[in-house]
Amino acid sequence: MNNNLKEQVLRSSGVNVLKCMRCGKCSGTCPSYDEMEYHPHQFVYMVEKGDIETLMESKSIYKCLTCFACVERCPRGVEPAKVVEAVRLATIRKQGNNHLIPDAIPEMLDEDLPQQAIVTAFRKYTK
Amino acid sequence: MQVNDNKEFQPLIVAFCCNWCSYAGADLSGTNRLNYPTNVKIIRVPCSCRVNPMFILRAFQRGADGVILCGCHPGDCHYTSGNYFTRRRMTLLFSMLDFLGIERDRTRVEWVSAAEGAKFAATMNEFTEAVKKLGPNRRLEDLRCRKQ
Amino acid sequence: MQKIGVFVCHCGTNIAATVDVKAVAEALSHEAGVVISQEYQYMCSEAGQNLVKDAIKEHGLTGVVICSCSPRMHENTFRKAAAAAGLNPYLVEIANIREQCSWIHKDIATATEKAIILGKAAIAKVHLNTPLVAGESPVAKRALVIGGGIAGIQTALDIAEAGFEVDIVEKEATIGGKMAQIDKTFPTLDCAACILTPKMVEASQNEKITIHSYSEVSAVKGFIGNFTATIKKKRRFVDETKCTGCGACTEVCPMQKVPNAFNLGLNNRGAVYIPFAQAVPKVATIDANYCLKLRKGDVNEKVCGKCAAACTVGAINYHQQDEYIEQKYGAIVVATGFNPIKLDKYDEFAYNQCPDVVTSLELERLMNAAGPNGGTLLRPSDKTHPHKIVFVQCVGSRCDDSKGKPYCSKICCMYTAKHAMLIREKYPDTEVYVFYIDVRTPGKNFDEFYRRAVEQYNVHYIKGMVGKVTPKADGTIDVQASDLLSNEQLHIDADMVVLATAIEPDKTARPLATMLTTQMDTNDFFTEAHAKLRPVESATAGIFLSGACQGPKDIPETVAQASAAASKAIGLLVKDSITCNPCVAHSNELMCNGCSACEKVCPYGAITYQDKEFRTPYRTTVMRRVASVNPAVCQGCGACTVACPSGAMDLNGFSNSQIMAEVDAICK
Amino acid sequence: MNTFTYYPGCTLRTKAKDLDTYARSSAEALGISLVEPENWQCCGGAYTTAKDEIATKLSAVRTLNSAKEAGQPLITVCSACHNVIKQTNYDISHDEDMAAKVNNYLKLDEAYTGETTVYHYLEMLRDVVGFDNLKKKVVNSFKGKKIAAYYGCLLLRPSKALAMDDPENPTIMEDFIKAIGGTPVIYAQRNECCGGYITMEDKAQATKRSAKVMNSAQEQGADMIITACPLCLYNLKKNSGSELPVYYFTELLAEALGVKEAGNE
């Protein structure tokens with residue numbers, strides 16, 4: 001349990017994880033569920049427990065689509081996507097932890113790929 | 001009320017409490033043994049809206065240093081709407097007291113329910129402290145009424 | 001000359017440990033008018049009370065001050081003791097030196113000083129006390145029950161049983177409410193209609209009960225024992241007294257495309273209809289929004305009129321108007337019930353997109369023998385048997401957002417177990433899944449019932465919530481949900497989805513609460529006078545609460561509360577009169593200038609004005625408009641006393657001079 | 001004539017020129033004047049929800065402020081731009097701390113605290129032009145066409161900030177389809193994510209998501225899908241494996257108004 005990290009995630013996300021009633025609707029509605037090792041409801045619960053490092057090391061933080069389905073449908077107003085974002089930021093803010101490097105971009109390009117995809121990916125995966 | 005060089009100033013505080021919520025709240029703080037200063041003396045009224053602004057002026061005239069008025073929370077009045085009258089009347093009275101130069105902190109309206117014994121005690125502690133800081137009420141006291 | 005007796009209580013050590021009671025008695029004995037000042041161990045004991053009684057007789061006391069516990073505790077005890085000794089009970093005052101002195105202070109010197117001041121204030125007040133006599137007001141021997149569901153029916157039957165007249169006002173065309181729509185009841189699986197309809201018949205046949213169906217309460221005035229209610233009988237275009245309920249009109253009506261409200265729109269009915277076979281009263285009603293003739297606006301035009309032609313008793317009356325009835329009541333019972341919430345904001349469950357996604361109440365109709373499918377469970381879309389059914393719990397309940405309700409709807413866990421069980425029983429080839437957050441089964445035989453669904457009927461209970469429902473082209477429904485225990489996301493190809501929809505108070509409850517000056521919580525449930533000790537009374541005297549209008553309830557709880565409300569109402573109705581609080585406002589006619597300020601702030605409408613003749617100098621008279629307070633209506637809040645600009649209005653027991661005397665005593 | 005500050009965003013200048021040109025020609029036909037601010041910056045593509053991220057919100061605030069200075073409402077077309085700008089505007093008017101930090105950094109002549117009204121092009125059609133008026137101006141009706149509206153995630157959520165329509169039961173695009181004569185197709189996946197930027201990280205996931213959306217629409221009998229988002233269009237076309245045609249809603253609008261050719265000139 002890392003209290004500093006927990007505090008940072010809570011502050012950065014602005015989420016009150018204690019409002020969660022453990023219904024699992026966030027994970028029930030998540031379109032990226034199968035790609036994630038830890039699921040939205042686990043993010044909320046593990047942050048409550050202070051188990052942040054496990055989440056930071058998981059690839060799950062790059063799988064969230066930030067589609068806000070969980071935020072919109074949570075019956076308790078918990079906003080799990082914001083927790084995922086805060087954990088991802090805690091990871092990529094560390095030096096050398098950028099998940100997407102510019103040199104890798106040319107390989108990914110195809111003629112129709114909109115710029116929007118690239119700038120969004122940079123914002124999500126890189127600091 | 002004593003103003004004494006070697007003794008701390010002890011304000012005299014009159015608290016009007018409505019019978020249904022705040023007086024019961026005060027009883028509850030007693031039942032729970034929650035301390036507040038002896039400076040506070042409570043007068044029971046059926047509803048906070050029974051308190052005529054005249055009573056508050058009278059208290060100041062007779063040497064009270066602070067007056068607090070407690071009633072049911074808005075919407076919970078036993079008589080449906082009494083505390084709304086209180087809220088409006090006291091807003092007017094307090095602006096008049098402002099005009100007379102009575103510090104705003106000497107008067108207060110607080111909503112305390114029958115279940116809020118802790119809030120009652122906390123409010124009285126806080127209010128007494130606030131009045132203590134202001135010192136004795138000299139502006140409205142009628143010295144002819146003072147007990148020698 | 002006043003003769004005042006002061007009695008200081010030790011309350012064992014409760015007071016005596018922190019307050020020097022002897023010093024208090026001694027100090028107070030020097031106050032003006034005090035002829036006797038004593039202290040005693042337990043004033044509330046028989047011996048203590050005798051001390052007071054004896055002193056009253058011996059010294060001819062004109063006032064009594066007891067320095068003891070809170071007046072909320074023993075004021076009545078000492079008032080009774082005084083009355084027994086021949087002293088008017090309202091000449092007794094209590095100084096609260098326990099809750100508001102000894103219990104909250106530690107220092108004996110300052111606590112004693114404060115106790116003396118409180119005693120002095122009480123003495124100053126009692127000097128100005130006047131003898132008061134509690135008035136009496138008569139009780140109208142008739143009860144009004146608002147709402148004709150099982151709660152209202154049970155309350156009415158109980159009150160009628162005790163011999164009092166009862167009127168049921170029901171806004172729908174029939175009584176019966178939600179229970180009439182339900183198929184079976186948990187945990188016994190009785191048929192709801194089999195136990196409800198005899199009660200409906202009983203209510204209609206009881207000569208003490210009058211049923212106003214298709215009616216609303218439009219105004220209520222008055223107070224406990226003496227309410228006057230106006231009942232609006234909405235026009236149903238059928239003469240209730242003539243209609244025999246034969247149903248000939250419903251058969252000839254050419255407008256058969258009206259969504260059947262009783263079946264929740266799952267099938268259609270005619271514009272003229274009888275809600276269901278056992279309706280009470282069994283009288284037809286014409287829906288003016290759909291009737292070809294009434295929709296035209298001018299009923300004299302030669303349009304349709306087939307129902308009138310078919311009616312052999314001439315009961316159809318296109319010219320009928322709303323009727324208003326005014327009636328006096330001694331007691332009012334609110335039984336306005338509940339409704340499932342609207343699901344527009346939960347379309348992740350595809351309720352608006354897919355006819356095979358239904359609410360639990362709709363499922364009741366689908367399974368009901370009198371329902372749209374005659375009791376065979378068929379999918380609304382293609383009338384085929386569903387083979388895989390998913391139940392979703394807590395839809396709109398336990399929500400902390402703007403869409404749903406913050407409370408648990410209480411009945412859903414149990415009725416879902418019932419549905420699951422009935423389906424597995426009748427159609428063993430059907431797979432049933434229940435997604436739950438918690439299964440809540442506090443109630444007699446409730447958990448056993450739920451366990452039976454799991455163990456005996458093999459219903460699949462999955463801990464988790466459904467997140468998305470997607471209807472597919474092949475007619476199945478993809479249910480995407482989380483299974484929290486196996487930590488996976490499931491996809492179930494269901495044929496039907498049933499949503500356990502949150503329940504909320506009926507929309508008519510809030511305007512009714514305003515009319516009755518009763519309190520409601522933020523969810524529009526009526527607030528009881530005391531959550532534990534007065535659960536069926538509202539805080540407004542004479543208004544009682546029955547059933548789900550006070551909070552979510554199942555049928556047995558509703559019936560229990562309905563009978564409890566009835567017994568409270570009966571307790572009131574058996575009295576010929578009720579004692580009024582004498583601490584009411586009164587106006588000094590000589591000072592009143594008739595300005596109406598007091599009337600405007602009175603929450604009870606207790607103040608009226610009358611023109612009175614007053615004598616003036618030189619033997620002339622003058623007519624003046626003056627206020628007068630109805631002591632039976634006044635509740636004694638005192639709002640008027642402050643509003644009165646001329647100081648004419650004052651309050652018995654808490655008069656201006658009394659309170660001022662207390663202020664002076666404290667500030668001395 | 002109604003004048004709006006028009007924010008095209010990066011993609012409308014490059015890969016999504018259609019979305020832009022048809023929006024402009026249609027606006028002209030509807031009597032709406034769109035003024036592009038000088039020196040606009042890319043919105044960043046995604047809104048960072050973190051409270052301690054200020055720098056990533058600045059470009060959106062600059063855009064909002066330029067509209068405020070011009071005294072005009074701001075109009076966006078791209079769903080992503082709309083989402084970022086609308087969320088920024090919501091947070092800056094509801095989160096004092098964030099507003100203070102942003103303004104301390106930007107040092108504008110007058111602090112920006114959420115004064116600008118932000119419309120999505122669809123909202124402009126609904127609230128300014130009115131779908132009834134739009135209907136009257138249609139020259140090439142889409143009568144008989146079954147059109148599925150794809151909202152995706154960006155236009156509707158979080159509804160508290162976006163406030164465009166009911167997040168679970170939206171009608172704005174369906175009403176648009178009706179206005180141009182088409183028949184809207186309601187399907188459950190219309191407000192689910194297409195995979196978005198995950199195409200950069202995990203092509204398979206983007207394929208899975210977009211295929212699900214396309215199948216859902218196709219199963220309900222859609223002839224075509226319309227969207228407001230270049231990235232949705234890309235995912236649905238390139239990644240889904242479905243043949244169902246996908247268009248920008250502005251293209252249909254321009255065609256309905258008979259100004260499609262003008263836009264292509």
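Only a predicted model underlies this, so the values are computations on that prediction, with no experimental measurement involved. To find a chain, count down the sequence lines: A is the first, B the second, and so on, and within it residues start at 1.
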| Working for side-chain contact (heavy atoms from CB on, under 4.5 Å), residues B:Arg50 and C:Leu651 | CA-CA 9 Å; B:Arg50 173 65 188 97; C:Leu651 190 64; 3.6 Å; yes

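Side-chain contact between B:Pro46 and C:Cys637: absent, with no pair of heavy atoms (C-beta onward) separated by less than 4.5 Å. By the 4.5 Å heavy-atom criterion applied to side chains, B:Pro37 and C:Thr110 are not counted as neighbours. No side-chain heavy atom of C:Glu99 sits under 4.5 Å from any side-chain heavy atom of B:Ile42. The shortest side-chain heavy-atom distance between C:Ile666 and B:Ile43 falls under the 4.5 Å cut-off.
Interface residue C:Lys106: only side-chain heavy atoms are found under 4.5 Å from chain B. Residue B:Ala121: no heavy atom, backbone or side chain, is found under 4.5 Å from chain C. Of the atoms belonging to B:Val45, heavy atoms from both backbone and side chain fall under 4.5 Å from chain C. C:Ala639 touches chain B through backbone and side chain together, each having a heavy atom under 4.5 Å away. Interface residue B:Arg89: only side-chain heavy atoms are found under 4.5 Å from chain C. C:Asp650 touches chain B through its side chain: at least one heavy atom from C-beta onward sits under 4.5 Å away, while N, CA, C and O do not. Residue B:Val67: no heavy atom, backbone or side chain, is found under 4.5 Å from chain C. For B:Phe85, the part lying under 4.5 angstrom from a heavy atom of chain C is the side chain only. With a 4.5 angstrom heavy-atom cutoff, B:Phe16 touches chain C only via side-chain atoms. With a threshold of 4.5 angstrom between heavy atoms, C:Ile117 approaches chain B through side-chain atoms but not through N, CA, C or O. In this structure, no portion of B:Cys18 lies under 4.5 Å from any heavy atom of chain C.
The candidate with the highest count of non-hydrogen atom pairs below 4.5 Å against chain C, out of B:Asp27, B:Val14, B:Asn52, is B:Asp27. Contact count against chain C (heavy-atom pairs under 4.5 Å) is highest for B:Asn35 among B:Asn35, B:Asn39, B:Val51. Note on C:Leu118, C:Asn14, C:Asn96, C:Asp107: by heavy-atom pairs under 4.5 Å with chain B, the leading option is C:Asn96. Of the residues considered (C:Gln635, C:Glu662, C:Arg98, C:Gln100), C:Gln100 shows the highest number of contacts with chain B, using heavy-atom pairs under 4.5 Å. Contact count versus chain B (heavy atoms, under 4.5 Å) is highest, among C:Gly636, C:Pro71, C:Ser102, for C:Pro71.
Checked by atom type and distance alone, the side chain of C:Arg72 pairs as donor or acceptor with a backbone atom of B:Asn19 at under 3.5 Å. Counting only distance, with no hydrogens or angles, the side chain of B:Lys41 and the backbone of C:Cys667 share no donor-acceptor pair below 3.5 Å. In terms of modelled atom types and a separation under 3.5 Å, the side chain of B:Arg58 and the main chain of C:Asp664 share no donor-acceptor contact.
Within a 6.0 Å radius of CZ in B:Arg139, no more than 12 heavy atoms belonging to other residues, nucleotides or ligands are found. Within a 6.0 Å radius of CZ in B:Arg104, more than 12 heavy atoms belonging to other residues, nucleotides or ligands are found.
Partner of C:Trp103 under the side chain to side chain contact (heavy atoms under 4.5 Å, CB included) criterion, out of B:Leu34, B:Asn32, B:Thr31: B:Thr31 alone.
Distance check: C:Phe654 CZ to B:Cys47 SG gives 11.0 Å after rounding to the nearest 0.5 Å.
Nearest heavy-atom pair across C:Val642 and B:Cys49 is CG2-O, 3.2 Å. Across B:Ser29 and C:Ile104, no two heavy atoms sit closer than the pair O-CG2, 3.9 Å.
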